[in-house]
Amino acid sequence: MVVPVKQPMAVTKRTITWCPGCGNFSILSAFIDAVNDLGLEPWRVVVISGIGCSGKITNYMPFNGAHVIHGRVIPFAMGIKLVNPELVVAGFSGDGDAYAIGIEHLPHAIRRNIDVKLIVHNNKVFGLTTGQVSPTSDKGMITRTTPWGNVEEPINPIAMAISLGASFVARGFSGDIGHLKYLFKEALKHKGFSLIDVLQPCVTYDRVHTYQWYRERIYRLEDVGHDPTNFNEALKKSYEWGDSIPIGLFYRVRKPTFEEMLPTTSEGPPLVMRPISNRTIRDLLVKNHELTLD
Amino acid sequence: MVVPVKQPMAVTKRTITWCPGCGNFSILSAFIDAVNDLGLEPWRVVVISGIGCSGKITNYMPFNGAHVIHGRVIPFAMGIKLVNPELVVAGFSGDGDAYAIGIEHLPHAIRRNIDVKLIVHNNKVFGLTTGQVSPTSDKGMITRTTPWGNVEEPINPIAMAISLGASFVARGFSGDIGHLKYLFKEALKHKGFSLIDVLQPCVTYDRVHTYQWYRERIYRLEDVGHDPTNFNEALKKSYEWGDSIPIGLFYRVRKPTFEEMLPTTSEGPPLVMRPISNRTIRDLLVKNHELTLD
Amino acid sequence: MEKDVVQLLVGGSAGSGSIVCGTMLARALMEMGYYIVGDNEYPSIIRGGHTAYWIRAGVRRINEVDSFNDLVVAMDHETFVRHSLEFHNNTVFILDSRIVKPPDNVKVIDVPVLKLLREEGMELIVGNSIFSGAVAAAIGIPLDYMHKAIEAQFRGRKSVIEVNSRAAAIGYEYLAQVSIDYDLPRLKPPRPWGPRVLLTGNEAIALGMVKAGVKVYASYPMTPASPILHYLVGISKDKDMAVLQVENEIAAAQIIAGAAWAGVRAATGTSGGGFSLMVETLSMAGMMELPIVIVLAMRPGPSTGMATMSAQQDLLFAIFSGHGEFPKVVVAPTDQYDAYMKVIEVFNLAEKYRVPAIILEDKHLAEGHRSVPALPEEIVVDRGAVVPHEEAVKLLKEGFEYKPYQITKTCVSLHIPPGVPGLIVRTESSEHDEEGFVTIVPHKASEMYLKRLRKIKYLRREIEEKYRPLEVHGVKPSEADLVIFTWGSTLQAVIDAMEIISKELSTSVINISYLWPFPRHKFREALMEVRNAITLSVEHNALGLLRKLIRMETGFKVTYHLGKVDGRPFRPSSLAERVIKLTKVVKGAKHGSPR
Amino acid sequence: MEKDVVQLLVGGSAGSGSIVCGTMLARALMEMGYYIVGDNEYPSIIRGGHTAYWIRAGVRRINEVDSFNDLVVAMDHETFVRHSLEFHNNTVFILDSRIVKPPDNVKVIDVPVLKLLREEGMELIVGNSIFSGAVAAAIGIPLDYMHKAIEAQFRGRKSVIEVNSRAAAIGYEYLAQVSIDYDLPRLKPPRPWGPRVLLTGNEAIALGMVKAGVKVYASYPMTPASPILHYLVGISKDKDMAVLQVENEIAAAQIIAGAAWAGVRAATGTSGGGFSLMVETLSMAGMMELPIVIVLAMRPGPSTGMATMSAQQDLLFAIFSGHGEFPKVVVAPTDQYDAYMKVIEVFNLAEKYRVPAIILEDKHLAEGHRSVPALPEEIVVDRGAVVPHEEAVKLLKEGFEYKPYQITKTCVSLHIPPGVPGLIVRTESSEHDEEGFVTIVPHKASEMYLKRLRKIKYLRREIEEKYRPLEVHGVKPSEADLVIFTWGSTLQAVIDAMEIISKELSTSVINISYLWPFPRHKFREALMEVRNAITLSVEHNALGLLRKLIRMETGFKVTYHLGKVDGRPFRPSSLAERVIKLTKVVKGAKHGSPR
Ligand SMILES: Cc1ncc(C[n+]2csc(CCOP(=O)(O)OP(=O)(O)O)c2C)c(N)n1
Ligand SMILES: Cc1ncc(C[n+]2csc(CCOP(=O)(O)OP(=O)(O)O)c2C)c(N)n1
Ligand code: SF4
Ligand code: SF4
Ligand SMILES: [Mg+2]
Ligand SMILES: [Mg+2]
């Protein structure tokens, strides 16, 4: 392409460096719109991203942002939420970020039900590192690191999250930005850990799963009267893939969050607001160490 | 206990340092028996263990043994199996080892279906580090690190493994050593990644889940005619817990293994047997780098 | 004969309560007014194996346990085997001959613990308290003190206290009525020395964290750091601390990084294997300029090594950990009191300069006991570059234009956490501009890279001017025949050894506690006039890591190194012996034929 | 005017094919018989942003790209902005004025690429080949050579080759018919120099692994190491290699550890962040004495830093990585040929001494091109302590009693992998006895700890005697006014700079490639007679890490350090300028007033 691509400008006055047509653009705008629609003040919103094409998103959003390291969106976000539950905390990961290097944090975030929203830009490929296989790549898929075809079965993040007991599990599609915004809003309103896996076409490294490919297969759970409170139905739906692919809210249940249960944070102001100057150890010396006064 | 405990001697002539009554003893003997029953030559068997009370097991077994680091049983085992598929490779992890620090490897071993058997000594607690909470500790459980009661939901390894598509998923119980041996034998006969989660009472740090507690609740899937080829049934059974707890083989399916699919290992002798002295790069220089001869 | 210093050893199998027995005795002795050092050794086994607890008690300050025990409680046979070199002619053994058979020709007090338990209908578990009562009677601890110690040990558990107190009394009375025809080791009357507590290094660090105002402690258990987690979790609610056991060390480090960015003080603790997993996050904290604090409690490596033993093998790993160059603080306290103070200092430094910090302790300090003066409440908490929300609001009102990575004179930028009305803040693990947006523009990238490194200069200066990165014990280095360099808890054995060595050679001991940035100026100052002294580093490792560091940072060549790699801490007299032997060889060589 | 050396720059946005265009030109020039160095720079962006490819071609050996370009292909406007300091008065620009507007007063050849594409009905994607054809015509590359280069670039993809060849021909013909009224930079006729290839450092390393007989390469992608994975995966089946992309770097390191224990050569590659995650396993390999090899391809840190740029910031992190003390080999090749050789050497050393090894390369070497002599096939593969199965069977038959961690004279134990009939083998991450069972017995533990460390002595000796850990370029250090120390790919710029500097000062360059264990004796030997020379380290970092290392290991003080932290490699002339300026200041100070 001898003609340099025109790169759009983000509201943060930074050039957006995604490929033209990349599915990340709609995630960016749907999320900003969702926040605005809900009337959340930008300074109350914190976005955290990992490394990948996906990870660049925090540079483009008019919210507090932390661009952390590969795979660590969840624990970094958890640290923030824990000390300041008044913040709205959303993470953005790639499929490599969330399901390869960072997968260990997912089951535990789910068990804790910490009130963090995790949005996964699932493009079935490692984008930024130039097109390697990912845990969501289809079996047989030809990528830079599977020239003979991928021999591993793709992970099913929706089934995994539901089966592990996640309190909010949804799938979005970059080609349906209105629906995506709806899902983000629902997630932002939900109290508890939320996984939103977004089918995000990578126009550069995945020539199979194009917008078109998805459009031919996708339908909205909301259009078929799916009941997101029905665990078994949700689990069943999560295995649907191929000729018809459901997007939408699979499952939602209100359970106490980690912050609500942890003795230290369950009551009182956010930790960050509590004074430290008055901390004393004398009581501990007396009680735990039998301070001896001669 | 002012009277020193008598510690038994392993066949490897090493003192077994588990607490008297520990559930690990039956895992040890059931596995050795299973190997012997199947007539596997000891030198063809490789056992790998992580760190924990559970991890000590490799020091007590008359097989090739690698006692690796905390949480890394699966990848180390995978490295062995890959280069020498003629070996029978079994891993031994604690619940902390497999489901806390090492959980990231589980979904990927499952996706690959590498022919490694993973036996998890699930005692619902970190034993060796003196009784901290574990990912399988019940909600509300009082442990050294949850004096107020655990606020996290326990992970359900059986449901997780089945939902991720594991090819062999079973649950054993240290108090039913005959059944345990049966499960180990089935796993050893199975080709593909196998998870055997063993309910293993920790007599020192878990005063709730005693042998008695389990005995009152446990039943064998084999006794109720469970069909281990039925995925949905298996998944349903995996959520049964509380007053009645199923043990046995939940699910089994024969799928191609990683070694069988990877182009390099799918045919030919084990990698470790292939010569390297004849390796040439000339063809690569000529083909890939246009070797220029003046 | 009454002595200035007495040393006890309690040996038994894991689960026998030998460590509890030792701890109770140590507590009672401290209560009476003696100075105490306690050390323990246990295997990575929950029941069985052999454990030992040493108590050294004195009427004056003592620093380290030594290898001569005056009184030994032998609850298992291993006590004789493992410690055979730690007995002397007058060592008295207290034991139940129905449990263990003592060797011939040793002084034994046979306490029929099993029989007494049976008679009283007591369970085996309280046998250790019978022993403790017997020891109390033998060395002269009034029963009252034992009761107090038992109360402290089993705090709040009424029935446990009751039965153990009874058991102690039984042991006490039994011993009081047997006739013993040889001298028992008895201490001179104590000279009480003001408010004091018995602490492990881990407890001191935990208390330091409470005082420093730590709000999040996230950790994955690992010996010998886990007790910090156990301690903090117990007091977490009272002290506004979120104390979490998480899925692994990566999560622990990331959680505290997130918490630090969100505006609070946050810390974690681990040992070498877990620290390895935190290294990537440490580098991130370097880039993001987050003041996270990691306690690295060292045990022998490589890898799993000896999980319950002690070592100082990770100094250079800690200093150079993390990819890319960035400033960090590495500090190694020498005792429990110092550990408390250093935690507070390190948080102040970390937040003032926005750098991560590592507190290096070894298992010996982490789990060993020491009687120290009551820890001071009056310390300074200085949050440095961290701007609290209310203050930030004020600043913004005044028109302050905030950039999270602004280049200032000292290169430290203010840190305003997210959540301030009207303000958007950013942090970034990639190279970034002053606002925190990614940049790869060459001059900008260089500028920001150097901004972070320039802080080292100011940091080092502050450490050298305001703190005591280096301390000299004994004679001045310029007047010494022998200068010993050391760090961490090894200092204690070195100081006691110095007393012995000083009889032959005038000795100076230099301890370096702020190891990074290395206190170059203070070092040069201290070593200015050293000319002909033998120089020697004593470290609990093989390669002499401090010695390497000194040479790297100052060019000064510490000529010799005495190490130890069996996982057991140095003991003063054998250390002194090794040092004296070495100096003799050296001098011999110097004065010998000039080959 | 015909020149000895010509430098080209191809600039465009990512996705414009500028790097491919440059690579094809480099290949064609090498084919003709010129010596080639190619460097590239690209942002962490898939489409857009600016990328550059530099080719320096000469009739004699050249070492590094410099900052003067004779001919520039400008596919984007940024080419003028970013490289404004890299042009000279006679720089000729080839561009399509419909795409970019050149600045005033520069020498331009306007090639209407867009128009030509349209006329021919070609897609935008092959525009870069039109440019390459035009450049070929401009500097005198026969079209045939371009065709060959295109075939090599798009190997096997017939239609792609066809369309790009056509495009190149169009560009070539277009340029041939325009009249140009100024001198074009043209090279003197080449003097072909024997069998040769154009390689990146990563390709050379991959080839070294093939030749060394690596059987497992497991990795998680990370710039700039990923191309090794990409290369190896392509040839894996032919070469009996299991090449895997796995879930993370921990898994990668553990898999190769398992594979190494199971008896094969195994390696991984990563950059700083991923290496951090491997450090725990490295320590395990140290304890288990497993010869795993890790390629650490450096990029600027800390943390994510500048992912696609180059640096040498991880030297001390690599050397001291891992908790506990254990031997490892750290080596830094200086060019593509050296990289190939070092991979082979390092595997031989690692297996002979049963130690893990790290190959340090920087992005500049990893992804830069160089024409090097055809890599030799005749190398020695020595599996050292590894006993193949058949041999083990024989040994056992002869009654050999095998202990996996037997203490021998050199402290190296034989390694028999699992799977030998009748033999049970063990490995253990805890301290262990010779059979591989856990032990905490003090003297046994010490013995085994020291067993591993004692290998360092033999390892160092072998490196110093059999390999070339240190090389001197230029005059002998004893005769030099200036001695420059360097390592890794920075050597190339230093050597070219030396030529310039030597006009003013007699200069010696010392490159150290085996950095750990540090070649102390060779270093002392080389530096023996250096007295009054100015000593200087040139490294692609800020703190002078080699300089620190030298001081630590030898006491030798390298007085100055010139660093660079903008992620861009050194260029010879600006480096020479900086060095000369520094030496002038130094001399001025020396001869100036004695303040
Ligand atoms: C520890 C570590 N390993 C590897 C990398 C290199 N890396 C950066 S992004 C990435 C994967 C990108 O894939 P994904 O997460 O799916 O994001 P995408 O680019 O597709 O949005 C990798 C492997 C890294 N930055 N850190
Ligand atoms: C990286 C690392 N972190 C922490 C530890 C300390 N550690 C050893 S075993 C263990 C957990 C033991 O629990 P589990 O895996 O359930 O085994 P169990 O003892 O219960 O059999 C921990 C945290 C370690 N060895 N390595
Ligand atoms: S490579 Fe794929 S995911 Fe990355 S910016 Fe381009 S289209 Fe988007
Ligand atoms: S602590 Fe528990 S798991 Fe460990 S040996 Fe004792 S009973 Fe078994
Ligand atoms: Mg992706
Ligand atoms: Mg457990």
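Here is how names work: the chains are called A, B, and so on, in the same order as the sequence lines, proteins then strands, and each is numbered from 1. What you are looking at is a predicted structure, and each value in this text was computed from that prediction instead of being measured.
- Heavy-atom distances place no part of D/Lys557 under 4.5 Å from chain C, backbone and side chain included.
- Contact of D/Arg452 with chain C is made through the side chain alone, with heavy-atom distances under 4.5 Å.
- Between the CD atom of D/Gln313 and the OG atom of C/Ser283 there is a distance of 9.0 Å, given to the nearest 0.5 Å.
- For the options D/Ala445, D/Ser271, D/Gly301, D/Ala307, heavy-atom pairs under 4.5 Å to chain C are most numerous at D/Gly301.
- Using a 4.5 Å cut-off between heavy atoms, D/Ile250 touches chain C through its side chain atoms alone.
- For the side-chain contact (heavy atoms from CB on, under 4.5 Å) test with D/Met552, the passing option among C/Glu553, C/Arg547, C/Met552 is C/Met552; the others fail.
- Looking at D/Ala311, there are no atoms closer than 4.5 Å to chain C (heavy atoms on both sides), in backbone or side chain.
- With a 4.5 angstrom heavy-atom cutoff, D/Thr439 touches chain C only via backbone atoms.
- With hydrogens and angles disregarded, no donor-acceptor distance shorter than 3.5 Å links the side chain of C/Arg82 to the backbone of D/Val441.
- Residue with the most contacts toward chain D among C/Gly567, C/Ala318, C/Ser430: C/Ser430 (heavy-atom pairs, distance under 4.5 Å).
- For D/Met284, the parts lying under 4.5 angstrom from a heavy atom of chain C are both the backbone and the side chain.
- In this structure, no portion of D/Pro300 lies under 4.5 Å from any heavy atom of chain C.
- If you measure heavy-atom distances from C/Leu450 to chain D, the contacts under 4.5 Å come from the side chain alone.
- Per-residue heavy-atom pair counts under 4.5 Å with chain C were compared for D/Ile550, D/Leu549, D/Ile456, D/Asn541, and the maximum is reached by D/Asn541.
- When each of C/Gly322, C/Gly49, C/Gly555, C/Ala285 is scored by its heavy-atom pairs under 4.5 Å with chain D, the top score falls to C/Gly322.
- Distance check: C/His432 NE2 to D/Thr304 OG1 gives 11.0 Å after rounding to the nearest 0.5 Å.
- Contact count versus chain D (heavy atoms, under 4.5 Å) is highest, among C/Lys564, C/Met278, C/Glu447, C/Glu325, for C/Glu325.
- Contact of the D/Met306 side chain with the C/Tyr449 side chain is not registered, since no non-hydrogen atoms from C-beta on lie closer than 4.5 Å.
- Taking C/Ser276, C/Gly305, C/Ala542, C/Pro302 one by one and counting their heavy-atom pairs under 4.5 Å with chain D, the maximum is reached by C/Pro302.
- Contact of C/Leu315 with chain D is not made at all, since no heavy-atom distance falls under 4.5 Å.
- Ranking C/Val279, C/Leu543, C/Asp314, C/Leu277 against chain D, the residue ahead of the rest is C/Leu543, based on heavy-atom pairs under 4.5 Å.
- Proximity to chain C (any heavy atom under 4.5 Å) is shown, for D/Leu296, by neither the backbone nor the side chain.
- In this structure, the separation between OG on D/Ser321 and CG on C/Leu316 is 11.5 Å, given to the nearest 0.5 Å.
- We find the NE2-CZ distance between C/His323 and D/Arg299 to be 7.0 Å, quoted to the nearest 0.5 Å.
- Chain C forms the most heavy-atom pairs under 4.5 Å with one residue out of D/Ile440, D/Thr308, D/Ile319, and that residue is D/Ile440.
- Proximity to chain C is limited to the side chain of D/Leu453, based on heavy atoms less than 4.5 angstrom apart.
- Looking at D/Ser44, neither its backbone nor its side chain comes within 4.5 Å of chain C, counting heavy atoms on both sides.
- Among D/Phe556, D/Phe275, D/Phe317, the residue with the largest count of heavy-atom pairs under 4.5 Å with chain C is D/Phe317.
- How far CZ of D/Arg568 is from OG of C/Ser446: 8.5 Å, rounded to the nearest 0.5 Å.
- Options C/Pro43, C/Gly273, C/Gly286 differ in how many heavy-atom pairs under 4.5 Å they form with chain D, and the most are formed by C/Gly273.
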